[in-house]
Amino acid sequence: MAHWLMKTEPDECGIDDFAKAPDTPITWDGVRNYQARNFIKEMAVGDEVFIYHSSCKHIGIAGVVKVVKAAYPDPVQFKPQSAYYDEKSSVEKPRWQSVDLSFVRKLPRLIPLDELKALSGLEDLALVKRGSRLSVMPVSNEQWQIILEQVS
DNA sequence: GCCAACGTTGGC
DNA sequence: GCCAACGTTGGC
């Protein structure tokens, strides 16, 4: 099983949106970056994902969700009324991918970004690298464990 | 295929 | 709200 981290603005879709309807998967749409898209394609059912809250008051890792449906064409790329509409994409040749995610748990406390930056063993995590804007990234087993140990 | 201009991300 | 860093676009 692989591990991942996905950034989100909690005002739009945070861990609490998963928690309030734990049996309802949420479609992760709107990723419009090729490197992130490629990671989405690699995700498999059962993979666990850290949910990271960005651009908000409390920045950091807030919880865990899991992949319940592997990559398929992002539905909003075909909807002209969507902010994520892509006129250069087509049903025949879709450009962007989504996965469906379900709630697993909130962490006992949020792990703030500056704490993650200070941990040894996370130097290679794209999240803590200066200037990284990648919104979907792999997390190694070692990195996953190091992060979870902070709240266990 | 280079690279300047532009738009976006995201911490502060 | 600022702005640095990054990704994308488009002229040449």
Side-chain angles (χ1 to χ4, degrees), chain A residues 2-20 25-43 47-67 70-140 142-151:
Chain A
H3 296 102
W4 308 92
L5 182 146
M6 292 173 124
K7 293 182 189 173
T8 182
E9 298 184 16
D11 291 346
E12 274 192 42
C13 178
I15 194 67
D16 288 330
D17 294 286
F18 287 95
K20 72 187 178 193
I26 292 178
T27 298
W28 204 263
D29 56 24
V31 172
R32 295 293 179 268
N33 169 281
Y34 287 104
Q35 202 179 350
R37 191 271 318 263
N38 292 341
F39 287 132
I40 285 176
K41 283 184 176 177
E42 293 180 27
M43 292 181 171
D47 284 359
E48 289 189 319
V49 182
F50 280 135
I51 292 296
Y52 173 87
H53 289 173
S54 69
S55 299
C56 59
K57 188 162 186 183
H58 301 291
I59 297 165
I61 295 175
V64 178
V65 299
K66 67 185 174 195
V67 178
Y72 62 99
D74 180 343
V76 299
Q77 70 190 310
F78 307 126
K79 296 180 179 167
Q81 69 274 22
S82 168
Y84 297 112
Y85 175 64
D86 185 346
E87 60 177 10
K88 293 174 182 167
S89 189
S90 66
V91 177
E92 295 74 30
K93 291 187 75 176
R95 180 177 287 193
W96 307 110
Q97 299 285 117
S98 287
V99 285
D100 287 357
L101 302 171
S102 274
F103 182 69
V104 174
R105 65 188 178 107
K106 287 182 75 165
L107 296 184
R109 64 177 179 88
L110 180 132
I111 308 176
L113 177 59
D114 47 8
E115 185 175 335
L116 294 166
K117 283 181 176 170
L119 287 174
S120 66
L122 299 185
E123 294 82 4
D124 293 332
L125 188 64
L127 184 76
V128 303
K129 289 192 175 169
R130 191 171 124 281
S132 172
R133 290 163 44 179
L134 191 60
S135 63
V136 180
M137 68 195 73
V139 178
S140 72
E142 292 77 11
Q143 291 165 341
W144 185 268
Q145 279 309 122
I146 289 169
I147 292 166
L148 282 185
E149 277 167 18
Q150 299 311 303
V151 291

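Letters A, B, ... mirror the listed sequences (proteins, then strands); counts begin at 1.
Separating the CD atom of Glu87(A) from the C1' atom of dT8(C) is a distance of 15 Å, rounded to the nearest angstrom. In this entry the distance linking OH of Tyr34(A) with C1' of dT9(C) reads 12 Å, nearest Å. Here dT9(B) presents its C1' atom at 14 Å from CD of Gln35(A), a figure rounded to the nearest Å. What separates CG of Asn33(A) from P of dT9(C) is a distance of 11 Å, to the nearest Å.
Helix bend of the helix from dG1(B)-dC12(C) to dC12(B)-dG1(C): the angle between its two end axes, each built from five pairs, comes to 10° after rounding to 10°.
Around atom OH of Tyr84(A), no more than 12 heavy atoms belonging to other residues, nucleotides or ligands sit under 6.0 Å away.
Residues satisfying the side chain to side chain contact (heavy atoms under 4.5 Å, CB included) test with Val104(A), not counting sequence neighbours, are Glu48(A), Val64(A), Lys66(A). Scanning for side-chain hydrogen bond (donor to acceptor under 3.5 Å, both in side chains) contacts around Arg109(A) gives Glu115(A), with sequence neighbours left out. Listed by chain and residue number, Tyr85(A) satisfy the side chain to side chain contact (heavy atoms under 4.5 Å, CB included) test with Pro80(A) (two or more places apart in sequence, or in another chain). Taking Asp17(A) as the reference, Lys20(A) meet the side-chain hydrogen bond (donor to acceptor under 3.5 Å, both in side chains) condition, with sequence neighbours excluded. Evaluation of the side-chain hydrogen bond (donor to acceptor under 3.5 Å, both in side chains) rule for Ser89(A) yields Gln77(A) as partners, not counting sequence neighbours. Considering only residues two or more places apart in sequence or on other chains, Trp28(A) meets the ring-ring contact (aromatic ring centres under 6.0 Å, His included) condition with none of them. The salt bridge (charged side-chain N to carboxylate O under 4.0 Å, His left out) check on Arg95(A) picks up Asp86(A), with sequence neighbours excluded. Scanning for side-chain hydrogen bond (donor to acceptor under 3.5 Å, both in side chains) contacts around Asp16(A) gives Lys106(A), with sequence neighbours left out.
For residues 2-14 of chain A, the side chain to side chain donor-acceptor pair (under 3.5 Å) pairs, not counting sequence neighbours, are His3(A)-Asn141(A), Trp4(A)-Asp47(A).
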Interface polar pairs with nucleotides 10-12 of chain B, N/O, under 3.5 angstrom:
| unit_1 | atom_1 | unit_2 | atom_2 | d |
| --- | --- | --- | --- | --- |
| dG10(B) | OP1 | Lys7(A) | NZ | 2.8 |
| dG10(B) | OP1 | Arg133(A) | O | 3.0 |
| dG11(B) | OP1 | Tyr52(A) | OH | 2.6 |
| dG11(B) | OP2 | Ser55(A) | N | 3.2 |

Any N/O pairs under 3.5 Å between the protein and nucleotides 1-6 of chain B? List them or say none.
none

